[in-house]
2 protein chains.
Amino acid sequence: MPAEQDEATAPPGRRSPAATAAETRDALRTAILGGEYLPGERLVELQLTERFRASRFTVRAALQELASEGLIEMQRNRGAMVRKVSLAEAVEITEVRMVLEGLVAARAAERVTDEQAAALAEIGRQMRAAVAAEEFRHYSDLNQRLHALIRQIAGHGTADGIIETLRGQLVRHQFMLSMLPGRPQTSLPQHERVIAAVRDRDAPAAEAAMRDHIASVIEALRTLAPPPRAF
Amino acid sequence: MPAEQDEATAPPGRRSPAATAAETRDALRTAILGGEYLPGERLVELQLTERFRASRFTVRAALQELASEGLIEMQRNRGAMVRKVSLAEAVEITEVRMVLEGLVAARAAERVTDEQAAALAEIGRQMRAAVAAEEFRHYSDLNQRLHALIRQIAGHGTADGIIETLRGQLVRHQFMLSMLPGRPQTSLPQHERVIAAVRDRDAPAAEAAMRDHIASVIEALRTLAPPPRAF
DNA sequence: GTTACACAGATTGTCAACAATATTGAAGGC
DNA sequence: GCCTTCAATATTGTTGACAATCTGTGTAAC
């Protein structure tokens, strides 16, 4: 539920004295997602103050927002820490994503234009090529672009916001997933079925294909060892 | 995504000087959901300060949390206002609830105990009685209890939190729905199908029944006139 | 009569200092 | 040696004041 502040008002070149709340929030989120702060690590306000050149007030506002995104946890009088997402929670989150992305795929199938269908097909072609060339990093990027494009076609703001929030909570787990041997070979045909169903304007098929795809992601998640310390 | 502060530390009898952030947030949410602040109405920090006997800092923290719940909207330098939920958004929100409650119903069917099944059946009996006696207010309460119990049985924290958040955004629309003539007669058999499927541990049937039920809620929503000014 | 401008009031954004709380380490008793 | 107690430190919670921004109104020019 991204309650967007208008970042448009943020001066572009401003540097030393202070950073605004939205800037600080985005920078901190990027740092957490980038693995600079590990799960369980405490986020001390004073340190963040120095790092982001922001006042404690601003830092605190940013922390509160990230807490509502589920990226960090705040305890009264004990401050904030990067949230640890257990495997069980990762499965739950992915289950929710499964039904939401299914909904979104169905709606995309109902609203897709010919141009959009062509763009989807193009991503599909590139995915196939990436798998053939064993460019798994590129494949992972395409995967993200495919899901993003489907969500854009669907134009379902409510589902979109929730999916995006959940995605943030899973970056570490998803990173590990894409490293699993054999995953791309498994997911490629699933992706192609989704693309085909959307292209054919077959909403139920699109939903089913997307759910199948993410269900297999859940299975893959479950094969991971329970406590994956770090990466 | 309720990032719960521990309210346990809040003194029980404390009154005049100051209220804590969690208290203020809950009180303000109750006020909004209770219709004391209408959609579009501005929430001026100073007024809230007086009403809830809290500092501006506390009020602001509460506002930020409610914004992330989607109950209010905040714009930079222009403050907070109660969010207007359009009919189209209400439909979107209910679509998301449809797939999430479907997921939850399926999981409840997998995990239900005999005692829980009996409790569900009891609610079903009371619903039937309420409809027969035309006690629609009571039926509406039972409806809420039924959905809550199913979510409790499922024990799916992620889905549960999102559903609860979305429910808050719809209180006004849902209130109007329960007033629609004929709704209880339509939804009662749907509810009974959900209960039966869960009782039979038939997860796919439970999901399908729940989705059918909420799909009919969406249809009912769409029959409402687009801009229902107030009530 | 209408539009543009400027000013005043109201409201929010930010800061620095102070108070309250939790954590850590050491000293003392068992 | 181990546990409890207590003080010192680190960290967060809260406040009030000041700065920046927006909104509405009245005036003057056209």
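Order of the sequence lines fixes the chain letters, A, B, ..., with proteins taken first and strands second; residue numbering starts at 1 for each chain.
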Protein-nucleotide distance ([X], atom [atom1]; [N], atom [atom2]), rounded to Å:
X       : N      : atom1 : atom2 : answer
A:Glu65 : C:dG13 : CD    : P     : 11 Å
A:Gln64 : D:dT12 : CD    : C1'   : 13 Å
B:Leu63 : C:dT11 : CG    : P     : 14 Å
A:Glu41 : D:dT11 : CD    : P     : 13 Å
A:Glu45 : C:dA22 : CD    : P     : 15 Å
A:Leu46 : D:dG13 : CG    : P     : 14 Å
B:Arg42 : D:dT23 : CZ    : C1'   : 8 Å
B:Met74 : C:dT14 : CE    : P     : 11 Å

Query - salt bridge (Lys or Arg N to Asp or Glu O under 4.0 Å) pairs, two or more places apart, involving residues 148-162 of chain B - result: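 Only B:Arg151-B:Asp160, B:Arg151-B:Glu164 qualify under salt bridge (Lys or Arg N to Asp or Glu O under 4.0 Å).
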Requested in this report: Determine yes or no for a side-chain-to-main-chain donor-acceptor pair under 3.5 angstrom, with A:Arg83 supplying the side chain and A:Gly70 the backbone.
Outcome: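 Present.
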Query raised in the report: Is A:Thr30 reaching over with its side chain to a backbone N or O of A:Asp26, donor-acceptor style, under 3.5 angstrom?
Result: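 Present.
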**Report entry** Set of residues satisfying side chain to side chain donor-acceptor pair (under 3.5 Å) with respect to B:Glu110, sequence neighbours excluded
**Finding:**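 Testing B:Glu110 for side chain to side chain donor-acceptor pair (under 3.5 Å), a comparison that skips the adjacent residues, returns none.
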**Report entry** side chain to side chain donor-acceptor pair (under 3.5 Å) partners for B:Thr24, two or more places apart
**Finding:**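 By the side chain to side chain donor-acceptor pair (under 3.5 Å) rule, B:Thr24 matches no residue at all.
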Requested in this report: Between B:Phe57 and B:Val44, name the one whose nearest nucleotide on DNA chain C is closer to the 5' end.
Outcome: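 Closer to the 5' end of DNA chain C: B:Val44.
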Report task. Check every strand shown and say whether A:Leu43 touches a base, only sugar-phosphate, or nothing at a heavy-atom separation below 4.0 Å. Result ->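 It contacts sugar-phosphate atoms only.
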Taking N or O atoms only and anything under 3.5 Å, show me the protein contacts with nucleotides 18-21 of chain D, one pair per line.
| residue | atom | partner | partner atom | Å |
| --- | --- | --- | --- | --- |
| D:dT21 | O3' | B:Asn77 | ND2 | 3.2 |

Please determine if a side-chain N or O atom of [X] lies less than 4.0 Å away from the OP1 or OP2 oxygen of [N].
X       : N      : answer
A:Thr58 : C:dG13 : no
A:Arg60 : D:dG13 : yes
B:Ser55 : D:dT14 : no

Query raised in the report: What pairs with B:Glu41 under side chain to side chain contact (heavy atoms under 4.5 Å, CB included), at least two apart in sequence or on another chain?
Result: B:Tyr37, B:Leu38
Report task. Determine which pairs satisfy ring pair (Phe, Tyr, Trp, His ring centres under 6.0 Å) with at least one residue from residues 69-89 of chain A, sequence neighbours left out, and list them in order. Result ->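 Counting only pairs at least two positions apart or across chains, no ring pair (Phe, Tyr, Trp, His ring centres under 6.0 Å) contact touches residues 69-89 of chain A.
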